[in-house]
Peer 1: 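I'd like to ask some things about the structure below.
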Amino acid sequence: MKLSDQSLLKEQCYVGGEWLGEPADEVTNPATGEVLARVPRFGSEEAALAIGKAEAAFTSWAAKTAKERAAVMRRWYELMVQHREDLALLMTSEQGKPLAEARGEADYAASFVEFYGEEAKRINGETLPSHRDDARILVLRQPAGVVAAITPWNFPMAMITRKCAPALAAGCTVVVKPAGETPLTALALGVLAEKAGVPAGVFNIVTGDAKAIGEVFTSHPAVRVVAFTGSTPVGKLLMKQAAEGVKKVALELGGNAPFIVFDDADLDEAVAGAIICKFRNMGQTCVCANRIYVQDGIYDSFIEKFAKAAEGLKVGNGAEANVQQGPLITPKAVDKVEQHIADATEKGARVMVGGKRHSLGGTFFQPTVLANVTQDMAIAHEETFGPVAAIFRFRTEDEVVRYANDTEFGLAAYFYSRDVGRIFRVGEALEYGIVGINSGLISTELAPFGGIKESGMGREGSHHGIDEFTNIKYMLVGGLGT
Ligand SMILES: NC(=O)c1ccc[n+]([C@@H]2O[C@H](COP(=O)([O-])OP(=O)(O)OC[C@H]3O[C@@H](n4cnc5c(N)ncnc54)[C@H](O)[C@@H]3O)[C@@H](O)[C@H]2O)c1
Ligand SMILES: O=C[C@H](O)CS(=O)(=O)O
């Protein structure tokens, strides 16, 4: 993998402003199987060291003025923009997404650093009307302290900045453990942080034994917030571990997004929205359409147009021009996709497009469209996390809202309709943290991203994203009588 700036390719962890550890665990390109690099296999001891460095750096970082923190974050943002192409190539190489999507992620990830660098200057307190004439009530919002962050492989850059940017803006310091599949992008962010003048110990990155590192992250007395993005089972485990020390948790977990197309929708817009919502990152996003419900009146015309568009998606190495679908992250991911297709077809679903491993071999899979899918199939209740579009038919609005809400997840939902009454009725009835209406893309740093039910708690993005990393304190100032 040839970068323009080869210094971004690191095989060591970034702890207390130093690059530490010996290359150990292989990082491979899912498209080619090439070993890209090796990173340290850190464990409990190194995790505790990193937290100690973050703790030591906290007082001085929190004591900086908001403008001083904002200036450092601005420089970090500008370096991300300057190195966009290398960051995108790193993401495509270690995660597999098409280069165009990786460039989009680099922009999206950098936007959080830009936004929260500005937001740092707007973490306001307040004064409240006092109950006594000799006292005043002041409300402060103070940084929570050391943040331990654990992130997934599907967005190797954005899931880190979406946590670390608000944390740093608030005056917190951070130790982050990226996914073992995609550590290189995280380490490149460490290189840029160092160049931007982020002080030693403020932003730390450790790679290695997830279980051991996670146990330290959730039990170390200096850690005040555990911020996690990943699967619901792991989120539940971390929440249990963090409960022992009553640590604040911010959880961005799994999804099972319904995508509803009503008879009154703009059909071509709905098809285009469903394609991008389903097949972005090969279906490996927490907000991908996992279930596509189409109303009776337009079912046949929708599925014909959708199947044709899915069949036209170009599959290949994400680094090659015009590729729209790269490989899945691991063979285990392919197994899950095949299990869902087998279960659905055994119960009566029909494969309209794809359905098999791609002729390119490895973890490449054909973009797949299943028709006649029903609620009793596994794909209706489990997150597929792959390029399989499950299409259901429905009759009434009440019926489809019931189907859509019939899940323990509550992250994102989508629907297409041009009926304004329906837009408000259905938008308010769907039990999700995010509802995309007449749009298959909903993510921006300007909005509070997050779920309800077993999709997690807390929000990332918008001014709400700062709340996870600040504590509210009030001071009652007495003795002010005449
Ligand atoms: N809600 C969101 O914003 C969001 C975003 C991206 C991914 N996700 C979810 O993440 C899942 C896919 O990502 P994944 O496969 O990386 O998830 P995962 O839960 O397997 O891993 C996520 C992170 O947790 C770490 N981890 C795994 N076991 C651990 C343990 N016992 N202790 C501490 N850390 C541990 C992993 O190394 C990785 O860094 C999907 O369910 C997807 O929906 C959610
Ligand atoms: O996979 C989960 C991500 O949060 C999706 S997005 O990048 O926010 O759209």
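Both counts, for ligands and for their atoms, begin at 1 and track the order of listing.
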Peer 1: Are any of the N/O atoms on Ser443, whether in the backbone or the side chain, positioned under 3.5 angstrom from an N/O atom of ligand 2?
Peer 2: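 Checking ligand 2 against Ser443, an N or O pair does fall under 3.5 Å apart.
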Peer 1: Going by the closest heavy atom to atom 22 (C) of ligand 1, which one wins out of Phe228, Trp153, Phe155?
Peer 2: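 Answer by nearest heavy atom: Phe228.
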Peer 1: Considering the options Ile205, Leu8, Leu90, Leu9, which one meets the side chain to side chain contact (heavy atoms under 4.5 Å, CB included) requirement together with Leu187?
Peer 2: Ile205
Peer 1: Between the side chains of Lys163 and Thr151, does any donor sit under 3.5 Å from an acceptor?
Peer 2: no
Peer 1: Nearest heavy-atom pair of Ile213 and Phe42: which atoms, and what distance?
Peer 2: CD1-O, 3.6 Å
Peer 1: Under 4.0 angstrom from ligand 1, any heavy atom of Thr232?
Peer 2: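 Judged by the 4.0 Å heavy-atom criterion, Thr232 does not count as contacting ligand 1.
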Peer 1: With atoms numbered from 1 as shown, which atoms in ligand 2 lie under 4.0 angstrom from a non-hydrogen atom of Tyr108?
Peer 2: 6 (S), 7 (O), 8 (O)
Peer 1: Do you know which two heavy atoms are closest between Met377 and Ala349, and how far apart they sit?
Peer 2: CE-N, 3.6 Å
Peer 1: If the contact criterion is a heavy-atom separation under 4.0 Å, does Pro233 count as touching ligand 1?
Peer 2: no
Peer 1: Does Met159 approach ligand 2 within less than 4.0 angstrom via side chain, backbone, both or neither, non-hydrogen atoms only?
Peer 2: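 The side chain, only.
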Peer 1: Relative to the heavy atoms of Leu238, which atoms of ligand 1 are at a distance of less than 4.0 Å?
Peer 2: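 Listed by number with element: 32 (N), 33 (C).
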Peer 1: Which residue owns the protein heavy atom closest to atom 29 (C) of ligand 1, what's the atom, and how far is it?
Peer 2: Val234 CG1, 3.7 Å
Peer 1: Any sub-3.5 Å donor-acceptor pair from Lys347's side-chain atoms to Asp376's backbone N or O?
Peer 2: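 Checking the backbone N and O of Asp376 against the side chain of Lys347, a donor-acceptor pair under 3.5 Å is found.
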Peer 1: When you measure from atom 32 (N) of ligand 1 to every protein heavy atom, which one gives the shortest distance, and what is it?
Peer 2: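 Of every protein heavy atom, Ala210 O, 3.6 Å lies nearest to atom 32 (N) of ligand 1.
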Peer 1: Compute the shortest N/O to N/O distance between Ser455 and ligand 1 and return yes if it is under 3.5 Å, no if not.
Peer 2: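 For ligand 1, there is no N or O atom that lies under 3.5 Å from one belonging to Ser455.
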Peer 1: Is there a polar contact, in the sense of an N or O pair closer than 3.5 Å, between Cys286 and ligand 2?
Peer 2: yes
Peer 1: For ligand 2, does Asn281 get within less than 4.0 Å through its side chain, its backbone, both, or neither, judged by non-hydrogen atoms?
Peer 2: neither
Peer 1: Atoms of ligand 1 less than 4.0 Å from Glu252 heavy atoms?
Peer 2: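 Within the 4.0 Å cut-off of Glu252, ligand 1 contributes 1 (N), 2 (C), 3 (O), 4 (C), 44 (C).
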Peer 1: Name the option, out of Ala148, Pro152, Ala179, Gly230, that contains the heavy atom nearest to atom 10 (O) of ligand 1.
Peer 2: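 Comparing heavy atoms across Ala148, Pro152, Ala179, Gly230, the nearest one to atom 10 (O) of ligand 1 lies in Gly230.
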Peer 1: Any nitrogen or oxygen of Lys211, main chain or side chain, under 3.5 Å from a nitrogen or oxygen of ligand 1?
Peer 2: no
Peer 1: When you measure from the heavy atoms of Glu252 to every atom of ligand 2, does any distance fall below 4.0 Å?
Peer 2: no
Peer 1: More than 12 foreign heavy atoms under 6.0 Å from CE of Met239: is that the case here?
Peer 2: no
Peer 1: Contact between Phe449 and ligand 1, counting heavy atoms under 4.0 Å?
Peer 2: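 Distance cut 4.0 Å: Phe449 passes for ligand 1.
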Peer 1: Restricting to non-hydrogen atoms, name the atom on Cys286 and the atom on Glu383 that form the minimum distance, rounded to 0.1 Å.
Peer 2: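 So the minimum-distance heavy-atom pair works out to CA-OE2, 4.0 Å.
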Peer 1: I'd like to know if Lys305 pairs up with Asp268 as an ion pair, taking the criterion as any Lys NZ or Arg NE/NH1/NH2 lying under 4.0 Å from an Asp or Glu carboxylate oxygen.
Peer 2: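 So Lys305 pairs with Asp268 through a salt bridge.
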Peer 1: Please tell me if the side chains of Pro178 and Thr185 come closer than 4.5 Å, counting only heavy atoms from C-beta onward.
Peer 2: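 In short, these two side chains do not touch, never coming nearer than 4.5 Å.
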Peer 1: Taking all non-hydrogen atoms of both residues, which atom of Ile51 and which atom of Ala222 are closest, and how far apart?
Peer 2: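 In this case the closest contact between Ile51 and Ala222 is CG2-CB, 3.9 Å.
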Peer 1: Heavy atom to atom 31 (N) of ligand 1, shortest distance: which of Val226, Asn256, Asp209, Leu237 holds it?
Peer 2: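 Nearest heavy atom to atom 31 (N) of ligand 1 lies in Leu237.
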Peer 1: With the threshold set at under 4.0 angstrom, would you say Gln241 reaches ligand 1 through any of its heavy atoms?
Peer 2: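 Not so, Gln241 does not reach ligand 1.
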Peer 1: If you measure every N/O of Thr151 against every N/O of ligand 1, is any gap under 3.5 Å?
Peer 2: yes
Peer 1: So which atom in Phe469 and which in Ala170 form the shortest heavy-atom distance, rounded to 0.1 Å?
Peer 2: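 Closest heavy-atom pair between Phe469 and Ala170: O-CB, 3.7 Å.
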Peer 1: Of all the non-hydrogen atoms in the protein, which one sits nearest to atom 11 (C) of ligand 1, and at what distance?
Peer 2: Ser231 N, 3.5 Å
Peer 1: If you count the atoms of ligand 1 from 1 in the order shown, which ones are under 4.0 Å from a heavy atom of Leu411?
Peer 2: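 Near Leu411, meaning under 4.0 Å from one of its heavy atoms, ligand 1 has 1 (N).
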Peer 1: If you count the atoms of ligand 1 from 1 in the order shown, which ones are under 4.0 Å from a heavy atom of Pro178?
Peer 2: 39 (O)
Peer 1: With a 6.0 Å cut-off on ring centres, are Tyr432 and Phe409 close enough?
Peer 2: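 No, ring centres 6.0 Å or more apart.
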Peer 1: For atom 5 (C) of ligand 1, which protein heavy atom lies nearest, and how many Å away is it?
Peer 2: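 That would be Thr229 CG2, 3.1 Å.
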Peer 1: Okay, side chain of His464, backbone of Gly458: is any donor-acceptor separation there less than 3.5 Å?
Peer 2: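 Not confirmed, His464 side chain does not pair with Gly458 backbone.
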Peer 1: Without hydrogens or angle criteria, can the side chains of Glu244 and Ser219 be said to hold a donor-acceptor pair below 3.5 Å?
Peer 2: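 No pair is found: no donor N or O on one side chain lies under 3.5 Å from an acceptor on the other.
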Peer 1: Counting only N and O atoms by type, is there a donor-acceptor contact under 3.5 Å from the side chain of Ser417 to the main-chain atoms of Ala265?
Peer 2: no
Peer 1: Asn154 to ligand 1: N or O pair under 3.5 Å?
Peer 2: no
Peer 1: Please determine if Phe385 has a nitrogen or oxygen closer than 3.5 Å to a nitrogen or oxygen of ligand 1.
Peer 2: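 No, since none of the N or O atoms of Phe385 sits under 3.5 Å from an N or O of ligand 1.
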Peer 1: Report the part of Glu383 in contact with ligand 1, treating N, CA, C, O as backbone and CB onward as side chain, heavy atoms under 4.0 Å; options are side chain, backbone, both, neither.
Peer 2: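 For Glu383, only side-chain atoms sit under 4.0 Å from ligand 1.
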Peer 1: Is it the case that atom NZ in Lys53 sees more than 12 heavy atoms from other parts of the structure closer than 6.0 Å?
Peer 2: no
Peer 1: Which bit of Arg162 is near ligand 1, meaning a heavy atom under 4.0 Å away: side chain, backbone, both or neither?
Peer 2: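 Contact part for Arg162 vs ligand 1: side chain (C-beta onward).
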Peer 1: Could you check atom 2 (C) of ligand 1 against the protein and tell me its nearest heavy-atom contact, residue, atom and distance included?
Peer 2: Cys286 SG, 3.3 Å
Peer 1: For Thr285, is at least one N or O under 3.5 Å away from an N or O on ligand 2?
Peer 2: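 There is no such contact.
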Peer 1: Using 30° and 60° as the class limits, which term best fits the ring planes of Phe112 and Tyr116: parallel, tilted or perpendicular?
Peer 2: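 Judged by the thresholds at 30° and 60°, the geometry between Phe112 and Tyr116 is parallel.
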Peer 1: Identify, by atom number and element, the atoms of ligand 1 in contact range of Lys177, meaning under 4.0 Å from any of its heavy atoms.
Peer 2: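 Listed by number with element: 36 (C), 37 (O), 39 (O).
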Peer 1: Taking the six-membered ring for Trp, are Tyr403 and Tyr293 parallel (under 30°), tilted (30 to 60°) or perpendicular (over 60°)?
Peer 2: parallel
Peer 1: In terms of residue, atom name and distance, what is the protein heavy atom nearest to atom 25 (C) of ligand 1?
Peer 2: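 Result: Ile150 CG2, 3.7 Å.
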Peer 1: Is Glu101 touching ligand 2 with its side chain, its backbone, both, or neither, if touching means heavy atoms under 4.0 Å apart?
Peer 2: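 It is neither part, as no heavy atom is under 4.0 Å.
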Peer 1: State the atoms of ligand 1, each with its element, that fall below the 4.0 Å cut-off from a heavy-atom position in Leu253.
Peer 2: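 Under 4.0 Å from Leu253, ligand 1 has these atoms: 1 (N), 2 (C), 4 (C), 43 (O), 44 (C).
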Peer 1: Out of Glu101, Gln325, Gln95, Glu105, which residue meets the side chain to side chain donor-acceptor pair (under 3.5 Å) rule with Asn281?
Peer 2: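 That would be Gln95; it is the only one of Glu101, Gln325, Gln95, Glu105 passing the side chain to side chain donor-acceptor pair (under 3.5 Å) with Asn281.
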Peer 1: Evaluate whether atom NZ of Lys356 has more than 12 neighbouring non-hydrogen atoms of other residues, nucleotides or ligands under 6.0 angstrom away.
Peer 2: no
Peer 1: With a 4.0 Å cut-off, strictly under, does atom 34 (N) of ligand 1 pick up any protein heavy atom?
Peer 2: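 Looking at atom 34 (N) of ligand 1, one finds that a protein heavy atom does lie closer than 4.0 Å.
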Peer 1: Go through Phe385 and Lys336 one step at a time and tell me if the side chain to side chain contact (heavy atoms under 4.5 Å, CB included) criterion holds.
Peer 2: CA-CA 8 Å; Phe385 232 57; Lys336 176 86 174 282; 5.6 Å; no
Peer 1: Return the residue, atom name and 0.1 Å-rounded distance of the protein heavy atom closest to atom 4 (O) of ligand 2.
Peer 2: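 Scanning the protein heavy atoms, the shortest distance from atom 4 (O) of ligand 2 goes to Arg162 NH1, 3.0 Å.
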Peer 1: Only heavy atoms of Gly254, strictly under 4.0 Å: list the atoms of ligand 1 that pass.
Peer 2: 41 (O), 43 (O)
